[in-house]
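Heavy atoms only: backbone and side chains are in, while hydrogens, waters and symmetry mates are out. First the proteins, then the strands, lettered A, B, ... as listed; each starts at 1.
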2 protein chains.
Amino acid sequence: MRPKNLEAEKAIRSIALRIIAEEGLENLTMQKLAKEVNISPRTIYLKYENKEDLLIKLFIDEVLGAYEKAVLTGFDEEMSFSEGMQKLWTNTFQYLKNNRHAFMLLQHGKTSPLLNKAYQKANIKQGQFFSPVHRFLMQNIDRGIIKKFPLDVSRALLFSPVFDLVNEYFDYQEREHQIITEAVLTDCCSVVIKGILNK
Amino acid sequence: MRPKNLEAEKAIRSIALRIIAEEGLENLTMQKLAKEVNISPRTIYLKYENKEDLLIKLFIDEVLGAYEKAVLTGFDEEMSFSEGMQKLWTNTFQYLKNNRHAFMLLQHGKTSPLLNKAYQKANIKQGQFFSPVHRFLMQNIDRGIIKKFPLDVSRALLFSPVFDLVNEYFDYQEREHQIITEAVLTDCCSVVIKGILNK
DNA sequence: GTTATAAGTAAATAAACATTTACTTATAAA
DNA sequence: TTTATAAGTAAATGTTTATTTACTTATAAC
């Protein structure tokens, strides 16, 4: 039996991510993908059931998984609130800034009905993704360190600015004039922390 | 000369928004749109040059314009920082919550290369959209009332959570269990304000 | 070596797409 | 009324799409 070409599978995934990031999800076609990977369209179907299957696997395995791992590196839910938040912010920003393709696909997760389904699935099974962060927040609420809000609300208050800042990082990169420096990021995180602390 | 059917033009726009919001930008086709409006595909081309033209006009006229108007209603850049922020948050949340289709298209503006172009155009010509808000922020920075950051960074810190909360509002709406109440929103705005105030 | 078999390919297929062609209709102005 | 004309339509066009069909190839096991 002829062995699988594992290189090809990796190439399919990374080139698919590149096309989605640079030309948009709407411009990812199976034939364009095959051509750029230098394989026959049929070969994609040997590895993925169909386009939907490819996108969902791309999203779950390649993006959500790697992203979570990067964000949680060096993070410990028993850290002080400020220290933990700074770690999470730094990790998030560093990973996304260095993985624009993954960041773009995460963004698509909010608007594409297809990816949104995959995203919800992964997130609704609570604790599957980012459970250490969930516990970290609940713990700090229980101990009265930060203001009490529903978990999703706390998440929005504490982390949505960092995503927006990554977006701006890329915008400014295109205009070759960077304002989102590490110092700015640290200051922003402090602002967010100050707002939610009790007293 | 036969007069234009102005109803049809309105219907094209509102049904296009509905399809994009409910089925995604990738599922908006000219033939589906024509069928749902009950007109011939050709008629769309009497009013718009092509699909790109339709999308950009939809985005600029229907969404960005109406959205800006709603957000600025009753807002005055000479308000106190806290009062102004609460007004902007309330207006933003109320408008987006009642105009899900517009909200969804705004989200697509971040991921679709096509709409992104339109979005950048509208925003780069600074002052064209939301200039009262820009002046409001700069003024409060100059007066030392809030911490000094580049304008885009301040915007991210102060307003990205409210978008995320709208997203969550709709998520919870689908699960028929609303947690994003007006009281929660007001509290969230206070958290954000507290964070950025000097002292 | 031979061979069975999964991995791979090139080219075809049918459906869906944006846009046009060739025609019809409603009405403002004469 | 008549009529010129822009507004409208139904159906076609050529292209692009996801997916398949019918074939070829590489290699593990014998």
Position toward the 5' end of DNA chain C (nearest nucleotide), Asn5(A) or Pro41(A): Asn5(A)
With heavy atoms under 4.0 Å as the rule, sort [X] into base, sugar-phosphate or nothing.
X        : result
Lys47(A) : sugar-phosphate
Leu28(A) : sugar-phosphate
Thr29(A) : sugar-phosphate

Side-chain donor-acceptor contact under 3.5 Å, Tyr48(B) with Glu9(B): yes
Cation-pi check, Arg155(A) onto Phe159(A) ring (under 6.0 Å, within 45° of axis): no
Rounded to the Å, how far apart are [X] [atom1] and [N] [atom2]?
X        : N       : atom1 : atom2 : result
Asn50(A) : dT17(D) : CG    : C1'   : 14 Å
Arg42(A) : dA22(D) : CZ    : C1'   : 11 Å
Ile44(A) : dG8(C)  : CD1   : P     : 12 Å
Glu26(B) : dT17(D) : CD    : P     : 14 Å
Lys35(B) : dA18(C) : NZ    : P     : 14 Å
Glu49(B) : dT20(C) : CD    : C1'   : 15 Å
Met30(A) : dC17(C) : CE    : P     : 17 Å
Tyr45(B) : dT9(D)  : OH    : C1'   : 15 Å

Polar side-chain atom of Glu26(A) near backbone of Leu25(B) as donor-acceptor pair, under 3.5 Å: no
N/O donor-acceptor pair under 3.5 Å between Trp89(A) side chain and Leu158(A) backbone: yes
Residue met sooner reading DNA chain D from 5', once Gln31(B) and Ala8(B) are mapped to nucleotides: Ala8(B)
From dA18(D), dT9(C), dG8(D), nucleotide with atom closest to Ser40(A) side chain: dT9(C)
Aromatic ring pairing Phe170(A)/Phe103(A), orientation class (parallel under 30°, perpendicular over 60°, tilted between): tilted
